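The structure displayed is predicted, hence computed values, not measured ones. Count residues from 1 along the sequence.
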Amino acid sequence: MSQPAPAHPLNTPSDTPGGAPTSADLLDFVRRTAADRELVDSLPLDPEGRTWVRLEGPGGSEAWLIGWPPGTGTGWHDHAESVGAFATARGTLTENALAVRLPADGWKTLELADGLDRSRRLGDGRGRAFGRHHVHEVLNESADTHAVSVHAYYPPLPLIRRFSRTGAVLRLEQVERPEDWQ
């Protein structure tokens, strides 16, 4: 991955009335931010690795503007106890997700039941919100076009668990903490 750029202030609404932002609040934020052409066009793009800029999200949330070269992806991962949302600002991203809540601790390998896989393609301006314990991978499957997206999480990510997947077998490979990606 490319080195992250410094945090970028963004005009955002003040803290969400009534407390912490919900996944719906985050979805609204990422959609509005993805529509900001000037911001999206300001992201430096690397032909070989993802690039990112940290944004100020609503209500103390963590937010990122991310550039995806053709053929790149995140691999399977979750966001621990955080709710989140993301929207595509340019290009098309594919999200493959699991419709199951994984145990938080105490396992290294799981065999997944049939029928848990979900897939969706998100083009310009399209987004999705998700709850705690969401497991997915995000891919730019294009052979020649960069994609750009906006992501937001609340509370800010305490960790990310990374998984490998072979057929129905999901294996915990690594646990990353914020100091690993900031």
Side-chain angles (χ1 to χ4, degrees), residues 4-45 50-69 72-102 117-142 145-161 176 178 181-182:
H8 178 81
L10 180 68
N11 293 330
T12 59
S14 60
D15 288 350
T16 304
T22 65
S23 58
D25 295 328
L26 297 176
L27 181 59
D28 179 61
F29 168 79
V30 298
R31 283 181 173 154
R32 285 184 293 105
T33 304
D36 183 338
R37 291 290 112 202
E38 185 176 339
L39 175 65
V40 170
D41 291 343
S42 75
L43 180 67
L45 300 177
R50 287 190 300 151
T51 54
W52 58 91
V53 174
R54 187 162 185 164
L55 306 173
E56 293 179 26
S61 63
E62 176 176 349
W64 299 90
L65 179 66
I66 301 175
W68 306 77
T72 59
T74 60
W76 287 94
H77 67 282
D78 70 5
H79 307 97
E81 296 291 324
S82 298
V83 298
F86 72 97
T88 303
R90 182 186 308 142
T92 300
L93 293 173
T94 299
E95 180 197 35
N96 297 316
L98 297 177
V100 64
R101 181 177 174 161
L102 299 180
D117 288 294
R118 303 291 183 268
S119 186
R120 68 187 74 199
R121 292 176 51 83
L122 302 165
D124 291 4
R126 295 218 30 230
R128 64 136 24 259
F130 52 84
R132 291 167 177 23
H133 311 288
H134 182 68
V135 177
H136 70 167
E137 67 174 348
V138 179
L139 309 162
N140 178 3
E141 296 179 316
S142 172
T145 304
H146 253 85
V148 177
S149 58
V150 180
H151 303 246
Y153 311 98
Y154 188 86
L157 296 172
L159 59 88
I160 293 177
R161 295 186 302 173
E176 295 178 4
W181 67 80
Q182 292 187 12

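Looking at residues two or more places apart in sequence or on another chain, you find a salt bridge (charged side-chain N to carboxylate O under 4.0 Å, His left out) between Asp117 and Arg165. Among residues two or more places apart in sequence or in another chain, the salt bridge (charged side-chain N to carboxylate O under 4.0 Å, His left out) test is passed with Arg101 by none.
Side-chain contact between Phe86 and Val150 is absent, with no heavy-atom pair separated by less than 4.5 Å. Side-chain contact check for Pro158 versus Ser82: some heavy-atom pair is nearer than 4.5 Å. The shortest distance between side-chain heavy atoms of Thr22 and Val83 does not fall below 4.5 Å.
Of the options His151, His133, His136, a ring pair (Phe, Tyr, Trp, His ring centres under 6.0 Å) to His79 is made by His136 and by none of the others. Of the residues Leu122, Thr88, Val30, the one that meets the side chain to side chain contact (heavy atoms under 4.5 Å, CB included) test with Arg128 is Leu122.
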### Task
Tell me, with the steps shown, if Glu56 and Glu62 meet side chain to side chain contact (heavy atoms under 4.5 Å, CB included).
CA-CA 7 Å; Glu56 293 179 26; Glu62 176 176 349; over 6 Å; no

### Task
Start with the C-alpha distance between Tyr153 and Ile160, add both sets of side-chain angles, then the distance that settles side chain to side chain contact (heavy atoms under 4.5 Å, CB included), and finish with yes or no.
CA-CA 12 Å; Tyr153 311 98; Ile160 293 177; over 6 Å; no

### Query
Please walk me through it: do Asp36 and Arg32 pass salt bridge (Lys or Arg N to Asp or Glu O under 4.0 Å)?
CA-CA 7 Å; Asp36 183 338; Arg32 285 184 293 105; over 6 Å; no

### Task
Under the side chain to side chain contact (heavy atoms under 4.5 Å, CB included) rule, what do Leu45 and Thr51 come out as? Steps first, then yes or no, please.
CA-CA 6 Å; Leu45 300 177; Thr51 54; 4.2 Å; yes

### Task
Evaluate side chain to side chain contact (heavy atoms under 4.5 Å, CB included) for Thr72 paired with Leu139, printing each intermediate quantity in order.
CA-CA 6 Å; Thr72 59; Leu139 309 162; over 6 Å; no

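Side-chain atoms of Thr74 never come within 3.5 Å of backbone atoms of Glu137 as a donor-acceptor pair (strictly under, hydrogens ignored). Checked by atom type and distance alone, the side chain of Asn140 pairs as donor or acceptor with a backbone atom of Pro69 at under 3.5 Å. With Ser149 contributing its side chain and Ala87 its backbone, the two residues share no donor-acceptor pair below 3.5 Å.
Considering OG1 of Thr92 and CZ of Arg121, their distance stands at 5.5 Å, rounded to 0.5 Å. Atom-to-atom distance recorded for Leu157:CG and His77:NE2 is 8.5 Å, nearest 0.5 angstrom. Here the OG-CH2 distance, from Ser142 to Trp68, works out to 13.5 Å after rounding to the nearest 0.5 Å. Atoms CG and CH2, from Leu98 and Trp76 in turn, are 4.0 Å apart once rounded to the nearest 0.5 Å. Here Trp64 contributes atom CH2 and Leu43 contributes atom CG; the two are 12.0 Å apart, rounded to the nearest 0.5 Å. One distance of note links CH2 of Trp52 with CG of Leu65; it measures 12.5 Å at 0.5 Å rounding.
Summarising the geometry of Phe130 relative to Ala85, their closest heavy-atom pair is CE2-N, 3.8 Å, with the distance given to 0.1 Å. Between Gly84 and Ser23, the shortest heavy-atom distance links the atoms O-CB, 3.9 Å. The shortest non-hydrogen separation linking Pro21 to Pro58 is CG-O, 3.4 Å. Ala20 and Tyr154 get closest at one heavy-atom pair: CB-CE2, 3.2 Å. Closest of all the heavy-atom pairs between Gly73 and Arg50 is O-NE, 4.3 Å.
In this model, a donor atom of one side chain and an acceptor atom of the other lie less than 3.5 Å apart for Thr94 and Glu141.
A salt bridge is absent between Arg161 and Glu176; no separation between the charged side-chain nitrogens and carboxylate oxygens falls under 4.0 Å. A salt bridge links Arg90 with Asp41; the closest basic N to acidic carboxylate O contact falls under 4.0 Å.
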